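Fair warning: this is a prediction, and the values are worked out from it, not measured in the lab. Atoms within a ligand are numbered from 1 in the order they appear, just like the ligands themselves. Atoms considered below: every heavy atom in the structure, side chains included; atoms not considered: hydrogens, waters and symmetry mates.
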Amino acid sequence: MGEIVSYSVVDGVAVVTIDNPPVNAMDRGVRAGLQKTFSDLKGRSDVKAIVLGCAGRTFVAGADIKEFDTGIAPPGFHEVLRLVEDSACPVVAAVHGTALGAGTELALSCHYRVADKTARFGLPELSLGIIPGAGGTQRLPRVVTLAHALDMILSGKPVAAPAARDMGLVDAIIDGDLMTGAVAFARNLVAKGAGPRRTREQPAKGAENADSLLEEKRKQVAKTMRNRQSPLALLDALKAAARLPFDEGLKVESDLSAKLEQATESRALRHLFFAEREVRKIPSIPASVQPRPITHVGIVGAGTMGGGIAMSFANIGVPVTVLDAKQEFLDTGFGRMRGNYERSVTRGSLKPEQADQRMGLIKPTLDAAKLGEADLIIEAVFENMALKKDIFRTLDKVARPGAILGTNTSTLDIGEIGAVTSRPQDVVGLHFFSPAHVMPLLEIVQTDKTAPDVLATALDVAKNIRKVGVVAKNSYGFIGNRMMDPYAREAEHCLLEGATPEQVDGALQDFGMAMGILAVFDLAGVEVGPSTRRERRHLLPKDPGYYRCSDMLVEKGWFGQKTGRGYYRYDNPGHKRTPDAEAAEMFWEEGKRLGVARRNPDRREIQERCFFSMINEGALLLEEGVALRAGDIDVVYASGYGFPRYRGGPMFYADTIGLKVIHDRLLEFKRTLDPQYWTPAPLLAKLAADGSTFAQWDAGRQ
Ligand code: T1G
């Protein structure tokens, strides 16, 4: 590999190139290379201007996130960026790809910035639980207004080059070859005698209304970004940018950054960043295995799930054929998809012509033979084994050889489904989450017959449709729903013991869950759980209180939002969720009838019973090999179940509590609650005894 940072001087313009694949992360090597280069160039009187660009697919895409765990080795960011900014001749950043985090901060330390039109700039540090730590909070408000800087960093969303130019972050968009254009831009600066334009010497823009702007945001983030420190720290850093001289503001930023980097919030978010990339690595799939090309997809079932899945493929330009049994089902399904696209157009997230183009890619059919040219067919019909088997027998006849047959089942045995075909090796579970065109999680379920290249294809499909694909072994509930079972079981049992639904959900939301599980059941339909359990009643625990509350609601026809009553009432004008004293009373009476002790569990007990039982189930999944890594379980929960990302997922959270603490609490619940549910998983008991963690268990298996 060549030098990480190199330069050449042509007719007085030095072109500096960073080449640090895969994303030019500004690791120690890059920082040292920049330090050496700009020190060398400092002494060259023949150099009249400097252009700084990157090789490969993107300008610097950030600091090397791995370095936070080991500490930032010298030279540090401030030292290097100051050297760039102190250059006696103009420095022009030439930006392509995604200049994120330290990438944008490096560009800000240059005096001018040019970009190709597809380039994007961003400061996504809050998504890692930190704030820009290389001067971004101090330099950005000196180039764009404080309001723009605040929005850019708080949202973390990349800004496209044209918009960046409009706000003052980019001086010119380069058509044609970026470096050629950047050198021409630099020569023009020299020709017109434009010297360095040091960002730190500019006044903060729009600082006059800093107090009101930042105070209003403080109130907002306290609600929308609950339990998190980094957004509040950002407001403090921006206030320093508006009120203090640059160097003092930089000190404020550094002190805040140092604290955040070591805090649990950032360690949790960095854990998820890497875990979401680790999930693509499956040891049983040799690197030589190539995914099968997917150029045409078939969907069986035009319902909510089938339509959402069809949209996921149409959104990336893949044609889709949707089969259903009746024209009216197709009409309803296509109307729903069109409605989804129209809502995106109304929201401004999609242009009308894009919506038309995507809808145009989705074709209806009543004839299964039309699925014959599909490379991948996904069944998404009712959770009924007989129906699914019929469909797979038909697919076995019409699908072309080598086509992959996926099922969106969430509870049925995929091995049993595949067994009715002549090609079980081509059968795989593709468990989408509703709404399928929005939710990022895709559970990829392998049976013991699924071929490695089918798994590789499913992972490739997940990345292409911008979902997070997590591989699970074929077992009831796969990963997510299997761990939901004890979690919701405890939530319901607390109702029999005297808690109200709002107390239970309140405890779960205080923890950081997007929604309490009882409100989720009301949203999804309370009847879904009991009907799934009916299919498995011979396997259920011997416990009359087991999900007794949802059974009672179903007996009364209270299915939740769709019927106006469930755990809560929705029969008010705005269909808002309101407490239902009658339902609570009904649960308590039932608890008494069943002889359940009235414990009136408090917030802490509700949280511990729900989350520790979930974690214990996760440990069982790891032992059974249903989940490959604890990190995979964290990704499932952060991407598909509204688990707060700033806690890193259930298994990371368990490590922060300490496995021995959890283990001892499980034993206490075994003594005081229904003992059949509280036996610590052997893996959890072992790790607790060894003073170890799930993270160490993962690392030991790499
Ligand atoms: N650090 C270390 N490794 C990184 C990395 C980073 N910043 N970004 C990507 N990788 C690895 C990734 O793990 C994967 O590795 C490979 O590169 C390809 O990534 C001081 C403190 C740039 C949009 O948050 O958003 O700067 O799995 O699969 O889908 O203020 O990577 O192949 O071994 O994601 O094309 C701020 C994070 C850091 C950007 C490319 N920057 N990266 O997406 O590829 S904090 C970020 C991304 C910071 C300063 C602060 C994406 C991408 P492997 P990939 P991609």
Between ligand 1 and the protein, tabulate every N or O atom pair separated by less than 3.5 Å, reporting distance only.
unit_1, atom_1, unit_2, atom_2, d
ligand 1, 1 (N), A63, O, 3.4
ligand 1, 1 (N), I65, N, 3.0
ligand 1, 7 (N), A63, O, 2.8
ligand 1, 26 (O), A63, N, 2.8
ligand 1, 26 (O), A102, N, 3.0
ligand 1, 27 (O), K281, NZ, 3.2
ligand 1, 28 (O), R280, NH1, 3.0
ligand 1, 29 (O), K463, NZ, 3.4
ligand 1, 30 (O), E105, OE1, 2.5
ligand 1, 30 (O), E105, OE2, 3.4
ligand 1, 30 (O), E125, OE2, 2.8
ligand 1, 30 (O), G133, N, 2.8
ligand 1, 33 (O), K281, NZ, 3.4
ligand 1, 34 (O), R277, NE, 2.9
ligand 1, 34 (O), R277, NH2, 3.2
ligand 1, 35 (O), R57, NH1, 2.7
ligand 1, 41 (N), A61, O, 3.0

Would you call L442 and K463 a side-chain contact if the rule is heavy atoms closer than 4.5 Å?
no

Enumerate the ring-ring contact (aromatic ring centres under 6.0 Å, His included) contacts for residues 253-295, please, sequence neighbours excluded, ordered by first and then second residue.
H271-F652

Please determine whether side-chain hydrogen bond (donor to acceptor under 3.5 Å, both in side chains) holds for the pair D116 and T118, giving the CA-CA distance in whole Å, both sets of side-chain angles, and the decisive distance to 0.1 Å.
CA-CA 6 Å; D116 75 24; T118 59; 2.9 Å; yes

Should we say atom CZ of R120 is surrounded by more than 12 heavy atoms from elsewhere, each under 6.0 Å from it?
no

Less than 4.5 Å apart, any side-chain heavy atom of R198 and any of D86?
yes

Quick one: are I18 and V60 in side-chain contact, heavy atoms under 4.5 Å?
yes

